[in-house]
Amino acid sequence: MLFSVTGASAAGKSTVLAHLEHVAWGVPIRLVEFDSVGVPAGADTAWRHGAVERWVADALQHEKRGVHTVLCGQVPMGELLAAPSADRLTGIAVCLLHCSPEERTSRLLSRGEHPDAIVHHNRFGEWFLAHTLDPRHAPEVITVRSETSMQWSRWRDLEAGDPAWKAEIIDTDAMSPREVALAVEAWIRQGLAPA
């Protein structure tokens, strides 16, 4: 199974990944960071399509050996579900970490992000949340042409609330990093539990 811990910049993904690396899961799980494949200068949405498929195919190979994958990175749910190999996985679960524009701004400034760039991070963060809630929200943000044969038809006709379009959403504004990490750990454990 592939667990995607996703969200825009400063939502808390890296902090969560650091916590999850020290958890005793009781089953084989690998934790990977999306950007660890290397992000080229000028990487765009079309590049991300290829990287998403690479990670999905990688998760599929590990799944065949009985190993679950937790992928942390900025992977919109529509891209993940449309990756060519995604329908071959036994399951995909998505957890969106989200924070308000005010909180994101504060976190990014404390990291040293240039103030002029923050508006773009906030716009993407707000789109990310709306997209996760409703696949019909501005799909053109991700459904661009690319060399990867993305299967947008898997979700293009879905509506908000459809069981095929389901994600856990954690608002990290008022939570400590540890609380966020524990919430994500609990979500993964729930997904690993026998049905």
Side-chain angles (χ1 to χ4, degrees), residues 1-9 11-13 16-17 29-35 37 39 43-64 68-99 104 120-172 183-184 187-188 190-193 195:
M1 184 163 181
L2 173 59
F3 295 90
S4 174
V5 179
T6 191
S9 295
K13 301 180 299 297
V16 165
L17 183 59
I29 288 186
R30 55 195 288 269
L31 305 161
V32 294
E33 188 167 16
F34 185 85
D35 289 349
V37 295
V39 181
D44 57 9
T45 304
W47 171 84
R48 196 173 61 229
H49 292 171
V52 170
E53 169 57 16
R54 178 177 171 180
W55 278 118
V56 170
D58 182 71
L60 182 61
Q61 291 307 308
H62 281 83
E63 183 182 87
K64 290 176 181 177
H68 302 282
T69 297
V70 177
L71 174 63
C72 289
Q74 294 188 46
V75 183
M77 188 156 68
E79 287 181 351
L80 183 60
L81 298 179
S85 301
D87 62 347
R88 296 168 57 199
L89 288 161
T90 58
I92 293 175
V94 175
C95 178
L96 173 73
L97 302 182
H98 178 72
C99 60
R104 190 183 316 279
H120 303 293
H121 290 294
N122 280 329
R123 286 178 182 160
F124 187 56
E126 292 306 292
W127 172 85
F128 220 129
L129 174 62
H131 167 74
T132 304
L133 291 169
D134 185 350
R136 297 169 301 175
H137 178 78
E140 65 275 8
V141 170
I142 56 172
T143 57
V144 302
R145 290 186 183 213
S146 71
E147 294 180 5
T148 307
S149 300
M150 302 297 278
Q151 303 298 306
W152 308 117
S153 61
R154 290 181 186 152
W155 57 263
R156 194 180 292 277
D157 296 329
L158 298 181
E159 298 183 1
D162 191 299
W165 189 267
K166 179 182 174 186
E168 179 80 6
I169 298 175
I170 299 175
D171 184 333
T172 67
V184 173
W187 168 76
I188 293 172
Q190 184 177 20
L192 292 171

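Fair warning: this is a prediction, and the values are worked out from it, not measured in the lab.
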Where is the tightest heavy-atom contact between [X] and [Y], given as atom of each residue plus distance?
{"X": "M1", "Y": "G91", "value": "CG-O, 3.4 Å"}
{"X": "P135", "Y": "A160", "value": "CD-N, 4.0 Å"}
{"X": "M77", "Y": "A167", "value": "SD-CB, 4.0 Å"}
{"X": "S4", "Y": "W187", "value": "O-CH2, 3.8 Å"}
{"X": "K13", "Y": "V5", "value": "CD-O, 3.9 Å"}
{"X": "G12", "Y": "L97", "value": "C-CD1, 3.7 Å"}

Straight-line distance of [X] [atom1] to [Y] [atom2], nearest 0.5 Å:
{"X": "L80", "Y": "R154", "atom1": "CG", "atom2": "CZ", "value": "10.0 Å"}
{"X": "I29", "Y": "T69", "atom1": "CD1", "atom2": "OG1", "value": "9.0 Å"}
{"X": "W152", "Y": "D157", "atom1": "CH2", "atom2": "CG", "value": "14.5 Å"}
{"X": "D171", "Y": "C99", "atom1": "CG", "atom2": "SG", "value": "8.0 Å"}
{"X": "T45", "Y": "I142", "atom1": "OG1", "atom2": "CD1", "value": "8.5 Å"}
{"X": "L17", "Y": "C72", "atom1": "CG", "atom2": "SG", "value": "4.5 Å"}

Spell out, as yes or no, whether a donor-acceptor pair under 3.5 Å connects the side chain of [X] to the backbone of [Y].
{"X": "H62", "Y": "D58", "value": "yes"}
{"X": "K166", "Y": "V94", "value": "no"}
{"X": "W127", "Y": "A138", "value": "yes"}
{"X": "R30", "Y": "L71", "value": "no"}
{"X": "R104", "Y": "N122", "value": "no"}
{"X": "R48", "Y": "E79", "value": "no"}
{"X": "Q151", "Y": "S149", "value": "yes"}

Check the pair W55 / V75 against side-chain contact (heavy atoms from CB on, under 4.5 Å), numbers first and verdict last.
CA-CA 11 Å; W55 278 118; V75 183; over 6 Å; no

Who are the ring-ring contact (aromatic ring centres under 6.0 Å, His included) partners of H68, not counting sequence neighbours?
none

Not counting sequence neighbours, which residues clear ring-ring contact (aromatic ring centres under 6.0 Å, His included) with W165? List them please.
H131, W155

Evaluate the side-chain proximity of [Y] to [X]: yes if any heavy-atom separation is below 4.5 Å, no if none is.
{"X": "E126", "Y": "H121", "value": "no"}
{"X": "R156", "Y": "T143", "value": "yes"}
{"X": "H98", "Y": "T172", "value": "no"}
{"X": "V32", "Y": "V70", "value": "no"}
{"X": "F128", "Y": "L96", "value": "yes"}

Pair [X], [Y]: side-chain N/O donor-acceptor within cut-off below 3.5 Å:
{"X": "Q74", "Y": "T6", "result": "no"}
{"X": "T148", "Y": "H49", "result": "no"}
{"X": "T90", "Y": "E63", "result": "yes"}

Go through the steps for D134 and E159 under the test side-chain contact (heavy atoms from CB on, under 4.5 Å), then give the verdict.
CA-CA 6 Å; D134 185 350; E159 298 183 1; 5.6 Å; no

Around R136, counting heavy atoms of other residues, nucleotides and ligands shown, do more than 12 lie under 6.0 Å from its CZ?
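Buried by this count: over 12 neighbours within 6.0 Å.
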
Please work out whether the ring planes of W47 and F34 are parallel, tilted or perpendicular, with thresholds of 30° and 60°.
perpendicular

